[in-house]
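Just so you know, these numbers use all the heavy atoms, side chains as well, and skip hydrogens, waters and symmetry mates.
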Amino acid sequence: NELLSRELADWLKVRVEPLNLPPPVSSVSEVSREINQAVTVVYLGAAREEKGFLLLPELIGSLYEVLGKSEQLRFVIQCSPQIVGYLPSIKVAIEKLRQFPSDYVELRDKPQSTKDYYEMLSGSDVVMLCYDHDRYRVRGSGIAVEAVALGKILLSTKGTFPEFLSGSGAASGSTVTEVSAALEDVVARFEHYRAEAAQVGKSYRESYTPKAYIESMLKNIRCSEAPDSDRSVSAVDAMSVTRGDSGEDYRACLKRLRYRDEAMAGVLLVRGGDAGGALNSDVPRYGVGLDYWIRRENSSDS
């Protein structure tokens, strides 16, 4: 993302360009919303300290009397465990959340399928991303990208990537009190925030299409044809690696390519079939050192 590229450019003293994630490919149907329906805030992903889960009991508790009892606000919280299980602090937070009425706080303690995840996201109004500032000052977030691309309002920590991504539609704070006030303002001026988020989402979808993502990678590939030469490889040159039907075509292309700079990642888009195997086996032999993506056209896994 742009924040990380600036950080790396300053640190490494080289040009670093951002490679923004494209919007989710999956088709997500927007859920219709009634005028007086409660604003729905979701927390997506496993329950993690660095993703603000420990803030939830205090935040949700501070808003219950004001917005919860009047059914103006509700929360849907995914609280499934991490791979390592629940930390003791997370267990305590979950037990506190269980004390709230189920129509105010809905807990989902099982891992979500992709379908469940997108249904939860599409049914939300606000996506809570109150991530730890030090860890997410420049670190990206796939959930943030998907939420913004779908026109959702982001509730985030000040000075983090999710707030940056929200642009003019940001609702953020540095403390529980500030985040609570920001969420109260979202409920009070919901249509304003919703319109801003929709505009930011439209802009993101138009700017960072999958096509633009691939083109951005290809235009920055730089390597040399032979040890004594020094030239840039254009997108056309790079794409030529994907032509041909046999592994020999790929091997021939790989053999003449030389990795030019350890700080620069090259990307080869490779057709499915045996080509992927040819690449896997021959990269070490020729010492090309290129990072590569294999897109298999005849597979659901890309």
Side-chain angles (χ1 to χ4, degrees), residues 1 3-4 21 24-26 28 40-64 68 73-150 152-163 165 171-180 182-183 300-302:
N1 67 71
L3 294 178
L4 183 57
L21 290 173
V25 176
S26 301
V28 181
T40 300
V41 181
V42 301
Y43 174 98
L44 290 159
R48 304 173 70 96
E49 289 183 338
E50 68 269 25
K51 292 195 172 184
F53 195 87
L54 300 185
L55 304 177
L56 291 174
E58 184 180 351
L59 173 66
I60 292 172
S62 70
L63 295 167
Y64 180 59
L73 182 67
R74 64 186 291 266
F75 293 85
V76 181
I77 310 296
Q78 181 181 344
C79 55
S80 53
Q82 302 179 57
I83 295 175
V84 296
Y86 288 121
L87 296 178
S89 58
I90 296 294
K91 287 183 178 180
V92 171
I94 291 174
E95 287 308 309
K96 290 180 179 179
L97 292 172
R98 293 192 193 281
Q99 307 306 310
F100 294 104
S102 59
D103 58 350
Y104 178 53
V105 178
E106 178 186 340
L107 296 178
R108 300 189 180 185
D109 57 6
K110 305 297 182 186
Q112 303 287 288
S113 66
T114 300
K115 180 175 180 292
D116 293 336
Y117 170 86
Y118 281 117
E119 284 182 353
M120 193 171 166
L121 179 59
S122 65
S124 71
D125 298 307
V126 180
V127 178
M128 183 175 172
L129 298 161
C130 294
Y131 294 171
D132 178 81
H133 175 270
D134 292 342
R135 299 193 187 191
Y136 282 89
R137 183 175 57 83
V138 297
R139 180 179 174 181
S141 165
I143 294 176
V145 167
E146 293 183 329
V148 162
L150 294 174
K152 302 301 179 180
I153 302 165
L154 266 56
L155 181 66
S156 58
T157 305
K158 281 187 178 297
T160 59
F161 170 74
E163 184 196 39
L165 198 61
S172 59
S174 298
T175 65
V176 172
T177 301
E178 290 180 1
V179 172
S180 177
L183 192 48
S300 59
D301 240 339
S302 296

I'd like to know if the side chain of E95 reaches the main chain of K91, judged simply by a donor and an acceptor atom lying under 3.5 Å from each other, with no hydrogens or angles considered.
no

Specify the closest pair of heavy atoms between S174 and K158, including all atoms of both residues, with the distance to one decimal.
OG-CB, 3.5 Å

Exam field: side chain K152 to backbone A144, donor-acceptor pair closer than 3.5 Å:
no

Should D132 and T157 count as side-chain neighbours, where that means a heavy-atom distance under 4.5 Å?
no

Heavy atoms only: give me the nearest P111-S80 pair and the separation to one decimal.
N-CB, 3.7 Å

Taking the side chain as C-beta and beyond, is there a heavy-atom pair between M128 and L56 under 4.5 Å?
yes

If you take all heavy atoms of L121 and E146, which pair is closest and at what distance?
CD2-CB, 4.1 Å

Using only atom types and a distance under 3.5 Å, with no angle test, would you say the side chain of Q78 pairs donor to acceptor with the backbone of R108?
no

More than 12 heavy atoms of other residues, nucleotides or ligands under 6.0 Å from CD of E106: is that the case?
yes

I need the minimum non-hydrogen distance between V127 and S124, along with the two atoms involved.
CG2-OG, 3.8 Å

Value for CZ (R139) from CD (E50), rounded to nearest 0.5 Å, stands at 6.5 Å

Euclidean distance, S141 OG relative to K51 NZ, rounded to 0.5 Å
6.0 Å

So which atom in F53 and which in C79 form the shortest heavy-atom distance, rounded to 0.1 Å?
CZ-CB, 3.7 Å

Any idea how Y131 and Y136 line up, ring-wise: parallel (<30°), tilted (30 to 60°), or perpendicular (>60°)?
tilted

With the side chain counted from C-beta on, respond yes when D109 and R98 share a heavy-atom pair under 4.5 Å apart, and no when they do not.
yes

In Å, rounded to the nearest 0.5 Å, how long is the span from CG of D134 to OG1 of T160?
11.0 Å

Spacing of SG belonging to C130 relative to CG belonging to L54, to within rounding of 0.5 Å
12.0 Å

How are the rings of Y64 and Y104 set to each other: parallel, tilted or perpendicular (split at 30° and 60°)?
tilted

Answer yes or no: is there a side-chain heavy-atom contact under 4.5 Å between D103 and R74?
no

Heavy atoms only: give me the nearest L154-P162 pair and the separation to one decimal.
CD2-O, 3.6 Å

Measuring from L59:CG to L155:CG, what's the distance to the nearest 0.5 Å?
7.0 Å

Could you tell me whether the side chain of L183 reaches within less than 4.5 Å of the side chain of L63, counting heavy atoms only?
yes

Is there a side-chain contact between Y117 and I143, using heavy atoms and a 4.5 Å cut-off?
yes

Looking at S89, is its backbone amide N or carbonyl O close enough to the side chain of Y86 to form a donor-acceptor pair, meaning the two atoms are under 3.5 Å apart?
no

With heavy-atom distances below 4.5 Å as the criterion, would you say the side chains of R137 and L3 are in contact?
no

